Amino acid sequence: SISFNIVMKGLCNAGNVDEAFKVLKEMEGSGCDPDYVTFNTLINGLCRVSRVEEGFRVLREMRGRKNCRPSVVSYTTVILGYCREGKLDEAVRVLEEMVESGEKPNLVTYNILLDGFCKAGNVKRAEGLFGKMVDYDVVSYTTMIDGYCKVGQTGEAIRLMNEMQAKGIVPNVYTYSAMISGFCKENKLGEAVCLLEEMRERGIIGKTFMYNSVLDGISKSGNLDQANQIFEKMLESGCKPNKITYTILIYGHCMKARMNEAIGLFHEMLQVGCEPDNVVVAALVSCLLKAAMHKEAKSIIHSLLAKGFSPD
RNA sequence: UCAUAACGAUU
């Protein structure tokens, strides 16, 4: 049944719950007993596609089966489903039902509720729960940090980041990502840059979107030298730029009339296989024309054609 | 073999 479970998980993750239920039928037909993992997988599949009620029903049906008692994972999965729908009251109700039936919530259960409260706009309630928890991990902290960042409380978020490290909990790429996008939204670019650096020093490879938001802020503030420097570090650290990264930088250089660098970036972009969209091309070409660099403008169009792209 | 956190970031 392990193989069946794996197939079902694949189907569920692809959003194909109904197919997964067909597999369940096949299992039963072939004398293979579904186990608690099978049902948990189905519950998760249903919750992922917003069929939480049905997921909850599957959980209840588990109670009638031998050796398939609903576990902490079953309940937690349903709680997650309700949290994602923003139905926190329902989520809490399931939690209570879980406790009544003798199943103890674990750290994952609490982490999910923390996130649910934060995402529902109730950071205070998340804070309350966080204060009552006895056990924390990097997810608990990152969830709260993200919650604070999303409501503009980066100071509180940083405080938690220090606190977690004092407890020996190490921030990971999720933690940095939450903090950095929080700082970027507040236009605290200096802080964002510092955290990017700290992250690299710790050997964590950042994600492209993290660099993009920092680069965007820095470019728009007109500090192209710094943007270029961060871009260098990004490449050195092994983080791959994408089309958006190049778009940000090309724009930035155009705005500062640094056309040769803009052109250089454009060619680099083509070389690494990023397809520029018409918006960047239009911006670049029109800037070149304004700067009376007609030859260069033409050559941009030619490079595009040579690569098989069609500029409109 | 099952459940949790960051990203719709460029125009």
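Not measured: the values here are computed from a predicted model. Letters A, B, ... mirror the listed sequences (proteins, then strands); counts begin at 1.
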Can you list the residues that meet the side chain to side chain donor-acceptor pair (under 3.5 Å) rule with A:Ser140, with sequence neighbours excluded? A:Asn111, A:Asp137

Taking side chain to side chain donor-acceptor pair (under 3.5 Å) as the definition, give me every residue that meets it alongside A:Asn278, ordered by chain and number, with sequence neighbours left out.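 Only A:Asp312 meet the side chain to side chain donor-acceptor pair (under 3.5 Å) criterion with A:Asn278.
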
Could you state the [atom1]-[atom2] distance from [X] to [N], rounded to the nearest angstrom?
X: A:Phe39; N: B:A3; atom1: CZ; atom2: P; answer: 17 Å
X: A:Phe130; N: B:U4; atom1: CZ; atom2: P; answer: 20 Å
X: A:Phe4; N: B:C2; atom1: CZ; atom2: P; answer: 17 Å
X: A:Leu80; N: B:C2; atom1: CG; atom2: P; answer: 16 Å
X: A:Phe117; N: B:U4; atom1: CZ; atom2: C1'; answer: 14 Å
X: A:Ile43; N: B:U1; atom1: CD1; atom2: C1'; answer: 15 Å
X: A:Leu113; N: B:A5; atom1: CG; atom2: P; answer: 13 Å
X: A:Tyr75; N: B:A3; atom1: OH; atom2: P; answer: 19 Å

Among Ile, Leu, Val, Met, Phe, Trp and Tyr joined by side-chain contacts under 4.5 Å, find the other residues sharing a cluster with A:Ile6 and list them by chain and number. A:Ile2

Members sharing A:Val99's hydrophobic cluster (side chains within less than 4.5 Å): none

Between A:Arg93 and A:Asp89 (salt bridge meaning N to carboxylate O under 4.0 Å), is one present in this structure?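 Here A:Arg93 does not pair with A:Asp89 in a salt bridge, since their nearest N and O are not under 4.0 Å apart.
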
Looking only at the side chain of A:Val73 (C-beta and beyond, no hydrogens), which of the listed nucleotides B:U1, B:U4, B:C2 gets closest? B:C2

Phosphate contact (B:C2 OP1 or OP2) by A:Lys9 side-chain N/O below 4.0 Å: yes

Base versus backbone protein contacts along nucleotides 6-11 of chain B [heavy-atom cut-off under 4.0 Å; B, S, -]: BB-BBB

If you measure only the distance, is there a donor-acceptor pair under 3.5 Å linking the side chains of A:Ser74 and A:Ser71?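 The criterion, which ignores hydrogens and geometry beyond distance, is satisfied for A:Ser71 and A:Ser74.
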
Side-chain H-bond candidate by donor/acceptor type, A:Asn16 with A:Glu19, under 3.5 Å: no

Go through the steps to decide whether A:Leu95 and A:Tyr82 satisfy the test side chain to side chain contact (heavy atoms under 4.5 Å, CB included), and finish with yes or no. CA-CA 11 Å; A:Leu95 176 74; A:Tyr82 280 125; over 6 Å; no

Please list, in numerical order, the residues of residues 261-275 of chain A that have a heavy atom closer than 4.0 Å to any atom of RNA chain B. none

Inter-residue atom distance A:Met161.CE - A:Tyr148.OH, 0.5 Å rounding: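 Answer for the CE-OH pair, A:Met161 versus A:Tyr148, is 15.5 Å.
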
Scan A:Asn106 against the nucleic acid and name what it touches under 4.0 Å (heavy atoms): base, sugar-phosphate only, or nothing.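 Base, at least one base heavy atom under 4.0 Å.
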
